[in-house]
Amino acid sequence: MDGVERDRPAGDIPPPTLPAGSQQEAPPPLILRFEDIGAEMLPLVGGKAANLGVLTTAGFPVPPGLCVTTEAYRRVTERTALKDLLTALATTPAEDVAALNALAAKARETVLAAPVPDDIADAARSGANGPVAVRSSATAEDLPHASFAGQQDTYLNVVGADAVLDAVRRCWASLWTDRAVAYRAANGIDHGAVRLAVVIQEMVSSEVAGVMFTANPVTGRRREAVIDASPGLGEAVVSGAVNPDHFVLDTATGRITERRLGDKQVAVRSLAGGGVEHVETPANPVESACVTDARLAALAELGDRVERHYGTPQDIEWAIDAAGVLWLTQARPITTLYPIPHHAEPSATPAGGAPGPGGTRIYFCFSLAQGLHRPITPMGISAFRLLSSSVSEMLGTPVADRPAGAPPVAEAGGRLFFDVTGLIRSRVGRVLFPKVLDVMEARSARVLRGLFDDPRFGVTQPSLRPPLRRAVRIAARFHIPRRAVRALRDPASAHRDVELLRERLRGRLPAPRGATPAERLDHVERMLGGQVFPLLPAIAPAAAAGFAMLGLAALVLGDRARPGELETVLRGLPHNVTTEMDLALWRLAARIREDGEATALLLGTPAAELAERFHAGTLPGVLGDGLADFLSGYGVRAVAEIDLGLPRWSEEPTHILGVLANYLRLEDTALAPDALFARGAAEATVMIKTLGGRAGGLRGRFVRFALGRTRALAGLREMPKYVVVTALAAMRAELLAVGAELASRGLLSRADDVFFLTFQEARAALGAPSGPEAAAPAADGDGPVPSPAPPEAAAHPSDVAVRPALGDLVTRRREEAARELRRRHVPRVLLSDGTEPEAVAVPAPVDGALTGTPASAGTVTGAARVVLDPVGAHLEPGEILVCPSTDPGWTPLFLTAGGLVMEMGGANSHGAVVAREYGIPAVVGVSGATEHIVTGQEITVDGASGVVTTA
């Protein structure tokens with residue numbers, strides 16, 4: 001638990017909970033010494049004091065001190081106007097910085113003006129034994145997910161009892177600094193649930209001090225100590241007032257791998273009467289480090305011990321006094337590191353060969369490759385593990401534990417990763433896998449190629465024969481060559497086959513009528529574990545044949561085809577289920593436009609309210625019936641649709657209603673999606689004739705045939721994913737029924753909590769005895785009323801254990817998901833030592849130009865619109881959409897976009913394909929686009945060269 005009470009009304013701050021075993025009637029203490037503080041006391045002492053207590057009792061060299069507990073803060077503030085301010089803060093959005101700052105200022109004034117009872121004042125003064133540091137310790141501070149570093153105040157070298165009391169009061173008020181309030185608002189932490197304790201700690205008059213990270217915060221590499229040091233107090237380093245000495249050490253060996261000496265021209269020193277001063281010092285010679293190699297080794301060893309004690313990398317503040325004694329003044333988790341992917345079975349050896357030297361693995365983020373930045377629900381990940389088992393078995397590698405998934409599947413931060421070490425260490429894999437990514441996720445391909453020269457990932461499988469034999473077996477097993485040839489000979493037959501397969505799947509998807517919840521769960525696992533993916537080899541060869549024809553045409557044409565011309569052939573591509581969906585939505589908008597009442601309703605009513613009216617059946621006919629018709633065909637889709645834990649559009653049509661409203665704002669008929677699509681198709685037809693004529697003769701006839709087949713078949717590229725998404729939507733409905741059963745037993749709060757469990761957990765919950773209220777069903781009129789359960793059955797021990805455990809698990813996972821939703825950066829490739837290769841290898845943009853992969857030819861200049869989440873997003877016609885990634889849920893926004901800039905993807909990724917089909921210039925794989933570009937900024941997108949320039 002993170003120590004934050006999220007569900008309590010703003011301003012309702014209860015007394016802190018005492019440690020287990022305490023007498024409930026005893027009031028919470030006002031003062032606790034470090035050696036009396038345990039980790040479980042966080043609500044009473046705050047994060048900083050809790051950590052200092054843990055370190056002290058563990059025997060680390062922590063300067064002695066005590067903590068003025070949150071009980072003192074509660075008593076001082078409980079009768080002030082702070083409660084009203086908390087209510088106002090709770091309703092102020094995080095984006096309204098001015099309002100937050102004004103409320104924060106009033107809160108600080110309120111706390112500073114509050115009278116301090118004598119017993120609390122005496123408790124604070126009791127810590128004034130010599131010079132001390134007085135430091136804030138909030139209950140939402142130094143936590144594994146949010147450090148709050150520097151959000152509250154610290155006062156150094158405080159001398160005298162009255163000065164200590166004054167510093168304590170100012171620390172209490174600093175809970176309401178502008179930065180602390182903004183930080184809590186941005187991280188979704190309830191202001192009313194946070195309290196402040198104050199640490200009073202013996203001051204270390206340090207000769208040298210600084211900060212140490214036990215993992216590299218830039219590259220992410222674990223077991224690498226990064227140390228910044230400067231003469232005087234550590235405040236100079238922490239505040240950024242000095243250019244410190246910088247060292248990087250390999251923790252395992254103690255070897256210094258990087259040494260960069262700073263000028264250290266400012267030192268913070270203690271004053272004799274209290275307080276500190278900033279002293280300018282002469283520039284040090286380059287060879288003069290403020291800390292010796294021996295002390296660096298001692299620091300790294302200390303950091304290693306602290307990390308091992310906590311089990312996670314730490315951000316440590318340290319000091320060395322005049323006697324050479326090393327002190328640990330603070331430690332907190334490093335919150336910015338991306339977690340290292342873990343497998344379902346840690347003891348299992350990942351597929352693809354033995355690990356390289358040191359066992360370092362390469363993980364590729366499948367979530368990002370699918371255009372999904374947000375975390376996937378636990379049940380969604382469980383579903384993918386089952387699907388991966390099915391794929392592995394299709395490829396001839398049976399999986400021992402099907403729910404655990406194929407061995408390469410791993411998870412970190414709610415995202416799916418694949419262990420691709422074996423592929424990169426294979427001669428065939430390191431050629432083919434990056435080539436596939438070139439047209440899917442080009443940035444990942446570049447990162448992986450950058451690892452080819454790393455000796456840890458040298459080729460250990462040089463032979464072509466084993467992978468070739470396997471490919472032949474798979475192709476023969478699924479009749480892939482025959483299907484591809486048949487599709488090329490008769491494209492219409494390929495489309496008929498696809499429709500037949502979809503019909504077969506639709507017939508299999510529902511569980512048998514009257515199925516029990518356990519049987520529904522069996523059905524879901526059976527479908528995902530073996531019934532869905534085997535259909536895809538019957539669909540994919542047709543689309544593959546279409547793109548193969550495009551490739552052959554390119555080879556035949558050679559330099560006769562100019563840049564961007566072959567891309568034109570893919571515009572207005574027919575038979576693309578996602579394009580057809582977008583056009584169907586546009587046609588619905590056109591019908592609504594003809595009805596004045598429906599138009600006014602759609603434009604003047606919040607989408608969420610319209611969604612409620614739709615489910616209630618009270619929308620006007622053209623809007624209600626039209627939306628129902630659209631959802632009957634495409635309601636299985638959603639934003640982030642590969643996660644079955646997220647609602648489908650048929651459940652929550654709010655997003656679609658918002659898109660319809662945006663469509664109605666499009667006034668220029670020339671920019672209408674159907675007109676753009678038709679124009680793109682016409683341009684493609686002309687281009688095929690042009691390229692055929694340019695090739696001439698037999699070559700020209702082949703080019704026209706090949707490109708014609710490309711247009712007839714390549715649109716099916718979206719169908720395999722659509723089939724999977726259709727199955728996921730159906731399985732979601734079955735799982736909701738399971739969740740409803742668990743909620744009826746009181747094991748879950750609501751039905752969709754089931755998506756924060758795994759299949760194994762849901763099955764275990766179904767097997768648990770239900771409560772007494774569910775054990776005695778009411779009479780149905782056909783028989784006697786059952787006898788009530790005997791008294792001893794009213795509190796079945798397993799039921800008592802399951803109910804709170806399951807609820808707590810779901811609550812914790814929902815909180816974790818909410819935190820992960822705020823994560824701005826997810827690595828596309830990550831090593832098992834924590835290193836993010838792209839963070840090391842990719843240079844910063846130069847001269848205002850951002851570069852990426854050309855995706856759709858053309859040039860456009862316009863205002864940027866940075867969108868991180870498509871739900872509720874509004875895009876004015878002609879604006880350039882700048883986003884992290886896309887999946888089909890984003891594509892309705894493309895219809896009004898003048899161009900596209902995407903941080904991820906390759907030339908054949910989903911966003912690139914749709915951009916080409918609508919004829920809008922696009923550049924994908926642009927590193928840091930959403931950070932370097934701001935909404936409203938004028939940018940130029942050159943889709944042929946892959947360059948984005950900013951004004």
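Sequence positions, counted from 1, serve as the residue numbers for this chain.
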Hey, is [X] close enough to [Y] for a salt bridge, meaning N to O under 4.0 Å?
X: Arg812; Y: Glu815; result: no
X: Asp833; Y: Arg221; result: yes
X: Asp752; Y: Arg732; result: no
X: Arg813; Y: Glu816; result: no
X: Arg415; Y: Glu820; result: yes

Minimal non-hydrogen separation, [X] against [Y], with atom names:
X: Glu718; Y: Thr578; value: OE1-OG1, 3.0 Å
X: Gly943; Y: Val923; value: CA-CG2, 4.1 Å
X: Pro339; Y: Leu830; value: O-CD2, 3.6 Å
X: Ile376; Y: Ser367; value: CD1-OG, 3.6 Å
X: Leu100; Y: Ala185; value: CD1-CB, 4.0 Å
X: Val860; Y: Gly899; value: CG1-CA, 4.1 Å

Would you check if the side chain of [X] reaches a backbone N or O of [Y] as a donor-acceptor pair within less than 3.5 Å?
X: Arg711; Y: Gly572; result: yes
X: Glu441; Y: Ser444; result: yes
X: His575; Y: Leu713; result: no
X: Arg425; Y: Leu423; result: no
X: Glu651; Y: Arg648; result: yes

- Message: Using the ring centroid of each side chain, check whether Trp586 and Tyr663 are separated by less than 6.0 Å.
- Response: yes

Roughly how far, to the nearest 0.5 Å, is the [atom2] atom of [Y] from the [atom1] atom of [X]?
X: Ile920; Y: Leu881; atom1: CD1; atom2: CG; result: 7.5 Å
X: Thr896; Y: Leu875; atom1: OG1; atom2: CG; result: 4.5 Å
X: Lys721; Y: Arg717; atom1: NZ; atom2: CZ; result: 9.0 Å
X: Thr421; Y: Arg361; atom1: OG1; atom2: CZ; result: 3.5 Å
X: Ser388; Y: Ile381; atom1: OG; atom2: CD1; result: 11.5 Å
X: Glu931; Y: Leu850; atom1: CD; atom2: CG; result: 11.0 Å

- Message: Walk me through whether Leu550 and Leu566 qualify under side-chain contact (heavy atoms from CB on, under 4.5 Å).
- Response: CA-CA 8 Å; Leu550 182 67; Leu566 283 172; 4.1 Å; yes

Below 4.5 Å, heavy atoms only, C-beta onward: do [X] and [Y] meet side chain to side chain?
X: Thr861; Y: Val941; value: no
X: Asp315; Y: Pro333; value: no
X: Pro921; Y: Asp942; value: no
X: Asn216; Y: Thr835; value: no

So, using ring pair (Phe, Tyr, Trp, His ring centres under 6.0 Å) as the criterion, who are the partners of [X] when residues are at least two apart?
X: Phe433; value: Phe364
X: Phe366; value: Phe384, Phe418
X: Phe533; value: none

Can you list everything that forms a side-chain hydrogen bond (donor to acceptor under 3.5 Å, both in side chains) with [X]? Sequence neighbours excluded, please.
X: Arg430; result: none
X: Glu258; result: Arg260
X: Asn662; result: Arg665, His874

- Query: Sequence neighbours excluded, which residues qualify as salt bridge (Lys or Arg N to Asp or Glu O under 4.0 Å) partners of Asp454?
  - Reply: Arg456

- Task: Evaluate the side-chain contact (heavy atoms from CB on, under 4.5 Å) criterion for residues Val901 and Ile880: first the C-alpha distance (whole Å), next the side-chain angles of each, then the deciding distance (0.1 Å), finally the verdict.
- Result: CA-CA 7 Å; Val901 178; Ile880 297 172; 4.1 Å; yes

- Message: Testing Glu836, Glu838, Glu903 one by one against Arg828 for a salt bridge (charged side-chain N to carboxylate O under 4.0 Å, His left out), which residue passes?
- Response: Glu838

Name all residues meeting the side-chain contact (heavy atoms from CB on, under 4.5 Å) criterion together with [X]; count only those two or more places apart in sequence or in a different chain, and write none if there are none.
X: Ala863; answer: none
X: Glu565; answer: Ala561, Arg562, Met687, Leu691, Arg694
X: Arg449; answer: Pro434, Lys435, Asp438, Ala445, Phe452
X: Ala714; answer: Phe547, Leu573, Thr710

- If the plane angle is over 60° it's perpendicular, under 30° parallel, otherwise tilted; pick one for Phe417 and Tyr363. perpendicular

- Given the rule in the side-chain contact (heavy atoms from CB on, under 4.5 Å) test, do Leu644 and Leu528 qualify, once you have shown the distances and angles that lead to the verdict? CA-CA 11 Å; Leu644 59 67; Leu528 297 179; 4.2 Å; yes

- Restricting to pairs with a member in residues 373-385, which pass side chain to side chain donor-acceptor pair (under 3.5 Å), not counting sequence neighbours? Thr377-Asp643

- Query: For Leu416 and Val409, what are the C-alpha separation, side-chain angles and deciding distance, and is it a side-chain contact (heavy atoms from CB on, under 4.5 Å)?
  - Reply: CA-CA 7 Å; Leu416 281 167; Val409 176; 4.0 Å; yes

